[in-house]
Amino acid sequence: LAKTTQPISMDSYEGQEVNITCSHNNIATNDYITWYQQFPSQGPRFIIQGYKTKVTNEVASLFIPADRKSSTLSLPRVSLSDTAVYYCLVGVDYKLSFGAGTTVTVRA
Amino acid sequence: EAGVAQSPRYKIIEKRQSVAFWCNPISGHATLYWYQQILGQGPKLLIQFQNNGVVDDSQLPKDRFSAERLKGVDSTLKIQPAKLEDSAVYLCAGRTNTGELFFGEGSRLTVL
């Protein structure tokens, strides 16, 4: 299983862009990179998934360099409601393991 | 589309008692996971089902935890006897064909 490392916490202000980088040095060829968001008292919610280069959806962008040993989740113009824990997962099919995640706090 | 249903949402028991949690994933999600999330930590995988078969239960404490998915739809996770360290939120998730996990709101267990 690819081990992931991400910052424990990040602070930001409303309207700013938040970038969370996840390191996964031993990512396997078939592994995908997936990010989840979790609010208190709720289950994690899928944000975005990618394999290489850049993926963008209506919520976020995911940047993956050519060596795939890291990835960066970019949240544009965050609001107070984006305060949550963000998890980076690396794997395929089963054995998707969550790390401790990054607690993002957005302030007014 | 209905989401992942879990019950009960909250349960308080004393140590050495037993408890069962139920999960009904989104229709068509053949792969089902049970996770344990202790306060302040990320979810930890307990068991994975593919239809009614177990794919991975390597992290399930089998001396006290058991899980089944007899008809390949809903699933039950049981703890007997419970220990204080089992206090956690138990999350159920189904997986789409594209690998996206859909989680329920979880069942919060407090063991006194």
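Lettering follows sequence order; numbering is per chain, from 1.
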>> Tell me whether B:Val54 shares a hydrophobic cluster with B:Leu32, the cluster being built from Ile, Leu, Val, Met, Phe, Trp, Tyr side chains joined at under 4.5 Å.
In response: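 Yes, same cluster.
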Flag the pair [X] / [Y] as yes when at least one side-chain heavy-atom distance between them is below 4.5 Å, and no otherwise.
X	Y	answer
A:Thr4	A:Leu89	no
A:Tyr87	B:Pro43	yes
B:Arg64	B:Pro81	yes
B:Leu112	B:Thr110	yes

> What do you reckon, is NZ of B:Lys71 surrounded by more than 12 foreign heavy atoms closer than 6.0 Å?
Replying inline: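 Counting neighbours around NZ of B:Lys71, 12 or fewer heavy atoms of other residues, nucleotides or ligands fall under 6.0 Å, so no.
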> Residues of residues 44-60 of chain A under 4.5 Å from chain B (heavy atom pairs)?
Replying inline: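 Residues A:Pro44, A:Phe46, A:Gln49 are the ones that qualify, each having a heavy atom under 4.5 Å from chain B.
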> Residues of residues 100-108 of chain A under 4.5 Å from chain B (heavy atom pairs)?
Replying inline: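 Expected list: A:Ala100.
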> If you measure from OG on A:Ser71 to CD1 on A:Ile64, what distance do you get to the nearest 0.5 Å?
Replying inline: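 That separation rounds to 6.0 Å.
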> To the nearest 0.5 Å, how far apart are CD in B:Gln37 and NZ in B:Lys44?
Replying inline: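 Rounded to the nearest 0.5 Å, the CD-NZ separation comes out at 12.5 Å.
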> Have B:Gln50 and B:Thr31 got a donor and an acceptor in their side chains that come within less than 3.5 Å?
Replying inline: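 Yes.
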> Between A:Arg68 and A:Asp31, is a salt bridge (charged side-chain N to carboxylate O under 4.0 Å, His left out) present by the stated rule, with each step listed?
Replying inline: CA-CA 10 Å; A:Arg68 302 198 331 119; A:Asp31 286 346; 5.9 Å; no
> Among B:Arg108, B:Glu105, B:Gln41, B:Glu100, which residue forms the greatest number of heavy-atom pairs with chain A at distances under 4.5 Å?
Replying inline: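 Highest number of pairs under 4.5 Å: B:Glu100.
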